[in-house]
Structures are given as structure tokens and as C-alpha cells.
J.: 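Just dropping this structure here.
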Amino acid sequence: MTPNRAAEVLYESEATLRLVDRELGELKAGEPAAANDGAADGRTILASLPYILQLANAEIVQVITSLRESRSALEHSTVERIQHTHSKLQEVTSATETATNGILDALDRAQGLIDELDADTGDGGRSKDVRNSLRDEIFGIIGALQFQDITTQQINYASNVLLDMEAKLLRLMQILDPGAGKSDALPQLPPLNDAAPTFDMHATVQDQEKRQSVADEVFSSTPKA
Amino acid sequence: MKFLVIDDSATMRRIVVNSLQRIGVTDIVEAGDGKEALQKFDASVGFIITDWNMPNLGGVDFARAIRARDDGKTVPILMMTTRSLKEDIITALESGVNNYIVKPFTPQVLKDKIDALTAANVAG
């Protein structure tokens, strides 16, 4: 079932509930009149009661069917998509970590090779300047790899939002159809850990100098304890 | 001087260790979170560089725990984190952190902070 169909089913469920509510309201409104108009009217209402109850039962069955469809739609479209996206994000984190460590390994080897060149060619001449420049370049690349830590925190934040959405949707499904119990078809994601997140939701590579200057200002202006 | 580098990201630890080695630091101990760092800390540690957001024990709680120890009252603690909201920085300061680097750091900023804190510690 598509999300659009899910929305339609929910809309239909709401419309059916309104219909039941209206009919029950009409039934309730008729009760005082029946009491005032005497035994004849009371007998008429009593005679029609089985029909009214049958009608109400049919409406309730229809509502329950719609709610079950809504629950199924939420479970099999939205929640599945959330779980798929969550696992894809974890894959991205793992892939960038592996790649970053591979680059760091290669840079370590490159630094070792430069050290070997130093040992072979000695201290003099332009060759030493080139080797020092190479070291600076390698060091610059190593520093730039900090992006991996920062993007991992950003991805972990996004994953945490997805987990939160999933938990809320599962709660909603329980409300819609508590009798259906927990689905075994969907794997359960790890629980949220809001108390001690291991990521910064504001992590960014932008405006580093500006953000560093805020920290410097706080530390320089606050008297030490 | 022995440095204790604490970060739950193995990549970040490698980058920090590499930066320290470049400025001549060779005695370096690593920890993946504050809890592990507390176990590895002793009086021989002369400088601490710690991340903030970590599992088990974060950087701020770690700093408080270190300051509560008799052998951890004066060791310089440098917080290195992505967190840069002013209230966060003040929280770090109040926890006992001596200075603060916002990631991504530059090697020059790291060197300047280490030099300044080491000089202040010697003078103090």
C-alpha cells in the first residue's frame, strides 16, 4: 500500500467514525422524546433497536477494517522505509570510516617513504625542501580527514531522528489496533539513547574560525576558578 | 610529557596523535571514552586532550571526575569537540576544562593551545 492510499484509508476511517458518532448522537437525542411521548413511542424504538444495533455493528466492523489497513500501511511502507534508510546511513558511516582509515594508512606509508629518502639523500639541496613540502601536504590531507568524524556525527543525528520517528509510528500503530500486537515481520531497531548521545546535532565543518573565536572569547573573559 | 588522547572516533585519535607527533610528542596514551581514560589516567599523565560526546562517559563528566581526584587537580585538560554553542563552552569551562578547540582543528591552533597551557601550568 502506498502512502497516498494510507492517507485515503485514514481519511475514510475518520469519515466512518464521524458517521457512527452522528448516528449514536441521533439515537441519544431520541431518548428523552421517547420518554415523554409515552409507552407507544417507547415500543417503536425498542422494536427498531435490533436494526440500529446491527447498523452500528456494521459501521464498527468497517472502522476496524479501515484501522487494520491503516496499521498495515504504516508498518509496511513508512516503517520499512525508515528502517531501510537507517541501515543505509549506517553503511555510509562504515564505508567512510573504512576509506578514511585506508587513506591514513597510505599516508603513514608515504611519510615512511619520505623518511627513507631523507636517510638516502642526506640534508642538503632542493631535494630536502621538496621532501619537507611533501610532508606538509601529507599533514594537510591528514587534517582534512577530520570531515569523517564530523559527517559521522551528522549521520548519527539523522539516524536518531529516524529511530524517534519509527518509535512514534509504532506507538501510533498500537493505538490504531492494539489487538494486533507487535509485528514479528519487522526487525526492531536499537533503542534510543537520548540521555547520552554520542553525537553533536550541530556538528558542522562550516565557520570553524568564527566558532573557535567564540570559545577563545569565553575562556579569555571568564576568570579562572 | 605523557599525553592522554580521548576520543570515541578512532580516526580522530589517529589524526590527533599524528598532529602531536609532528610537534615532537612521543609519549601518547589513547582511550576510546571517558571511562577507559579514567582507568588509564595516573600521575604520570601531564596533558589531556578529550572529546565531548562519547559513550559510557563523556568529556565533561570525565573532566569533573579528574578534577575530583587528588592527582588530577592541576593537569591541563584541552577539550576538542564540534560543540560550539556558547552555553556548551561555558559548561566545559565550569567542569574544569582549561581550554577549548572547535573541530575541525588546525595543527597551528592545537600547537598554540598546548604551548599556552603547558606554559601556564609551569608558571602556576
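Labels below follow one simple rule: chain letters A, B, ... track the order of the sequence lines, proteins then strands, and each chain is numbered from 1.
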J.: So which atom in B:P104 and which in A:I150 form the shortest heavy-atom distance, rounded to 0.1 Å?
T.: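 Taking B:P104 first and A:I150 second, the nearest heavy atoms are CD-CD1, 3.6 Å.
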J.: Please report the shortest heavy-atom distance between B:I89 and B:S84, naming the atom on each side.
T.: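 Heavy-atom minimum between the residues: CD1-O, 3.6 Å.
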J.: If you count the non-hydrogen atoms of other residues, nucleotides and ligands that lie under 6.0 Å from NZ in B:K73, is the total more than 12?
T.: yes
J.: Which word best sums up how the rings of B:F47 and B:F3 line up, parallel for under 30°, tilted for 30 to 60°, or perpendicular for over 60°?
T.: parallel
J.: Do the side-chain N and O atoms of A:Q148 and A:T152 include a donor-acceptor pair separated by under 3.5 angstrom?
T.: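 Yes, A:T152 and A:Q148 have a side-chain donor paired with an acceptor closer than 3.5 Å.
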J.: Side chains of A:S127 and A:R131: any donor to acceptor distance under 3.5 Å?
T.: yes
J.: With a sphere of 6.0 Å drawn around CD of B:E87, does it hold more than 12 non-hydrogen atoms of other residues, nucleotides or ligands?
T.: yes
J.: Side chain from CB out, backbone as N, CA, C, O: work out which of these in A:D207 comes under 4.5 Å of a heavy atom of chain B, or both, or neither.
T.: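 No part of A:D207 comes within 4.5 Å of chain B.
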J.: Select one option (side chain, backbone, both, neither) describing which atoms of A:T204 are under 4.5 Å from chain B's heavy atoms.
T.: backbone
J.: Can we say A:R109 and A:D105 salt-bridge, meaning some charged N sits less than 4.0 Å from an Asp/Glu carboxylate O?
T.: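 Here A:R109 does not pair with A:D105 in a salt bridge, since their nearest N and O are not under 4.0 Å apart.
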J.: Considering non-hydrogen atoms only, spot the tightest contact between A:L89 and A:A158 and give its length.
T.: CD1-CB, 4.1 Å
J.: So for B:S19, is it side chain, backbone, both, or neither that comes closer than 4.5 Å to the heavy atoms of chain A?
T.: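 For B:S19, heavy atoms of backbone and side chain both lie under 4.5 Å from chain A.
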J.: At a heavy-atom separation under 4.5 Å, does A:E209 approach chain B through its side chain, its backbone, both, or neither?
T.: neither
J.: With only heavy atoms counted, which part of B:L85 is less than 4.5 Å from chain A, the side chain, the backbone, both or neither?
T.: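 When you check distances to chain A, only side chain atoms of B:L85 fall under 4.5 Å.
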J.: So what's closer than 4.5 Å to chain B heavy atoms on A:N156: side chain, backbone, both or neither?
T.: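 Nothing of A:N156, per the 4.5 Å heavy-atom cut-off to chain B.
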J.: Could you give me the CA-CA distance, side-chain angles and deciding distance for A:I142 and A:Q111, then say whether side chain to side chain contact (heavy atoms under 4.5 Å, CB included) is met?
T.: CA-CA 11 Å; A:I142 290 171; A:Q111 280 181 326; 4.3 Å; yes
J.: So which bits of residues 22-37 of chain B come within less than 4.5 Å of chain A, counting non-hydrogen atoms only?
T.: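 Those residues of residues 22-37 of chain B which have a heavy atom under 4.5 Å from chain A are B:R22.
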J.: Give me each pair satisfying salt bridge (charged side-chain N to carboxylate O under 4.0 Å, His left out) with a member in residues 89-104 of chain B, each pair once, sequence neighbours excluded.
T.: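 Output for this query lists A:D149-B:K103, B:D7-B:K103, B:D51-B:K103.
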J.: Among residues 105-114 of chain B, which residues come closer than 4.5 Å to chain A, judged by heavy atom distances?
T.: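 The stretch touches chain A at B:F105, B:P107, B:V109, B:K113.
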J.: Measure the shortest side-chain to side-chain distance between B:Y100 and B:W52 over non-hydrogen atoms and say whether it is less than 4.5 angstrom.
T.: yes
J.: Does anything in residues 84-93 of chain A form a salt bridge (charged side-chain N to carboxylate O under 4.0 Å, His left out)? List the pairs, not counting sequence neighbours.
T.: A:K88-A:E91
J.: Counting only heavy atoms closer than 4.5 Å, note whether B:D8 contacts chain A via side chain, backbone, both or neither.
T.: side chain
